[in-house]
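A quick write-up on the structure given underneath.
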Amino acid sequence: MVQLSLSLLLTSLGVASAGSLIRSRQANMTTPKSLVVGAAGQILTFTYDGKTFTETSKVAEPGRAASWMVFKEPNQLFAVDENSNLTRLFHVEGGKVAPTPVAAVNGSAGVVSLEFTADKKHLVGTSYGAGTVDVWDVSVADSLKLFKQVKLEGGTIGTKPQQLQHRAHQAVLDPSGRFFAIPDLGADSVYLLDAKSFEITARVDLGPATGPRHGGFLTAGGAKPGALPTHYAVACEISNQIQLFSVADKDGKVALEHVQTVSTYGPDAPPANATTAAAGELLVASNQRDVYVSNRLSGNAGGDSVAHFVFADGKLTFRDEAPTGGLSPRMLSLAADEKTLYCANQANGPAGLVAFQRACSGTLTRIATQDYSAIAAEPNGFGPAFVREI
Ligand SMILES: *[C@@H]1O[C@H](CO)[C@@H](O)[C@H](O)[C@H]1NC(C)=O
Ligand SMILES: *[C@@H]1O[C@H](CO)[C@@H](O)[C@H](O)[C@H]1NC(C)=O
Ligand SMILES: *[C@@H]1O[C@H](CO)[C@@H](O)[C@H](O)[C@H]1NC(C)=O
Ligand SMILES: *[C@@H]1O[C@H](CO)[C@@H](O)[C@H](O)[C@H]1NC(C)=O
């Protein structure tokens, strides 16, 4: 907005090189971004100026793990604690998280993701620990009220060690705001949760030993405000595949239909250790073309990586991959301008936090890292599990 009006102003003043001035200002990236980072036993904030991460605050919370957080303007930060039943609400002031939560309420055990409804009056949390979905009323500032708990049912519980029960891993709101897609890693299923009634409207089977974990929506031909997406892609932690579904309204009900299964690894770059490999995050860029998946525990000598896929003609194709400089990239997020992709390497390795520069082609180049040792607080805990601009 600001840049657009500057451009118009300069143009109307007869300045010939308005475009190039704006481009060079953008390229310099001098305005530091504020980031919130969740790690075992601590919530931290950093600034990132395009070259360096600088820690600006740290909330120590021994035994807790804020492995997912969402921000609501102007100052509310909602955080899970995957080690207990608590969902918390913190204040953020001047890019720093205030040490004491404003609210902390028990819901399901082991919640690992949070997502707002479109109006941000409700917050949906998914429990890996109990296989339930918590719906919170957050319509009143600084308050957190448990509104509803939904049990995931049906499907066949898998036999892999990380399955054995329902495990609600993530809730992602579709771009029309009509429903959430909820991968259940335990039951090899994706559930659709209506975003008004908070009732499950469908369950889709992905097949045994797939372990759907995190996903994202895609719209062929570009995002259309208010419209249903055309596709949903989900990364499967056990099979190390992306399953792609078409999304359609069938007689007033949203339905997913399987269209493609593709490895999360490139054809020439399989994991050194197929036993431990466990795909993690899946992230869709707003251009509806670039899809990023983090490949964890690959056993590769160079560490783990982020794979880049291109969505075209209704299909996903592996394009390239970028090493994260560390181990177990649990979470990926895009900067607001989408020129930077952040990554949180959760396991003990050289790099903890990572920033990749994202080219127009979608290809990633690692340009900044924060050492893992600077972030890991608990000796047997985990380092950064979550990073996002606030
Ligand atoms: C951006 O950086 C270039 C090269 O360092 C410099 O010449 C230019 O003046 C900078 N532009 C702004 C707007 O800071
Ligand atoms: C949450 O539950 C735990 C375990 O039962 C209990 O110790 C704690 O006091 C509860 N916290 C709140 C805020 O209700
Ligand atoms: C914690 O979560 C478990 C499983 O969701 C539930 O059975 C238990 O009642 C919860 N405890 C509290 C204090 O809310
Ligand atoms: C793969 O990882 C497992 C578990 O850590 C280990 O036992 C096995 O030796 C590894 N295999 C290879 C080929 O590295």
Side-chain angles (χ1 to χ4, degrees), residues 43 59 61-68 76-91 98-114 123-138 140 142-153 157 160-171 182 184-187 191 193 198 200 209 211 237-240 263-265 268-280 295-305 323 326-330 345-349 380 382:
I43 299 173
V59 174
E61 44 167 21
R64 303 215 183 282
S67 55
W68 200 269
Q76 299 181 86
L77 182 72
F78 296 86
V80 305
D81 171 21
E82 69 171 46
N83 295 337
S84 77
N85 286 51
L86 292 174
T87 292
R88 289 90 51 72
L89 164 55
F90 292 87
H91 271 178
T100 311
V102 180
V105 185
N106 278 323
S108 297
V111 172
V112 289
S113 103
L114 297 170
L123 181 62
V124 171
T126 59
S127 159
Y128 183 85
T132 44
V133 177
D134 290 351
V135 183
W136 300 91
D137 179 344
V138 295
V140 175
D142 296 344
S143 113
L144 190 57
K145 271 197 210 124
L146 193 55
F147 179 73
K148 186 174 182 182
Q149 285 181 302
V150 183
K151 222 173 150 168
L152 297 185
E153 288 169 322
I157 301 296
K160 297 286 175 187
Q162 66 268 58
Q163 299 190 298
L164 310 178
Q165 62 163 88
H166 288 283
R167 297 204 178 276
H169 215 302
Q170 185 199 34
I182 300 179
D184 178 345
L185 188 142
Y191 293 77
L193 179 82
F198 301 110
I200 302 289
E237 163 178 320
I238 295 168
S239 62
N240 291 293
S263 170
T264 61
Y265 289 88
D268 307 321
N273 196 330
T275 314
T276 55
N295 280 316
R296 303 178 298 169
L297 305 170
S298 311
N300 294 348
D304 286 330
S305 56
L327 294 173
S328 208
R330 173 159 169 173
N345 283 317
Q346 192 183 15
N348 194 352
N380 302 312
F382 283 116

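The structure presented is a predicted model; accordingly, all values stated were derived computationally and were not measured. Start at 1 and go down the list; that is how both ligands and their atoms are numbered. Start at 1 with the first residue, then count along the sequence.
- Residue contact check: T276 has heavy atoms under 4.0 Å from atoms 2 (O), 3 (C), 4 (C), 5 (O) of ligand 4.
- Taking A277 as the reference, N240, Y265, P271 meet the side-chain contact (heavy atoms from CB on, under 4.5 Å) condition, with sequence neighbours excluded.
- Side-chain contact check for S305 and N295: no donor-acceptor pair (N or O, by modelled atom type) lies under 3.5 Å.
- Checked against side-chain contact (heavy atoms from CB on, under 4.5 Å), T276 has the following partners two or more places apart in sequence or in another chain: N273, L297.
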I'd like to know whether W136 forms a side chain to side chain contact (heavy atoms under 4.5 Å, CB included) with F78, so could you lay out the CA-CA distance, the side-chain angles of the two residues, the decisive distance to 0.1 Å, and finally the verdict.
CA-CA 11 Å; W136 300 91; F78 296 86; over 6 Å; no
Derivation of the salt bridge (charged side-chain N to carboxylate O under 4.0 Å, His left out) call for E237 and K160:
CA-CA 11 Å; E237 163 178 320; K160 297 286 175 187; over 6 Å; no
Evaluate the criterion salt bridge (charged side-chain N to carboxylate O under 4.0 Å, His left out) for residue pair R64 and D81; output intermediate values, then yes/no.
CA-CA 6 Å; R64 303 215 183 282; D81 171 21; 2.9 Å; yes
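- Residues passing the side-chain contact (heavy atoms from CB on, under 4.5 Å) test with K151, sequence neighbours excluded: T132, E153.
- Residues lining ligand 2 at a heavy-atom distance below 4.0 Å are given as A104, N106, ordered by chain and residue number.
- Set against the non-hydrogen atoms of A130, the atoms of ligand 3 under 4.0 Å away are 4 (C), 5 (O).
- Each of the atoms 1 (C), 2 (O), 3 (C), 8 (C), 10 (C), 11 (N), 12 (C), 14 (O) of ligand 4 lies under 4.0 Å from some heavy atom of N273.
- With a 4.0 Å heavy-atom cut-off, ligand 4 is reached by no atom of T275.
- In summary, of the residues considered (T100, L77, D142), a side-chain contact (heavy atoms from CB on, under 4.5 Å) with H91 occurs for D142 alone.
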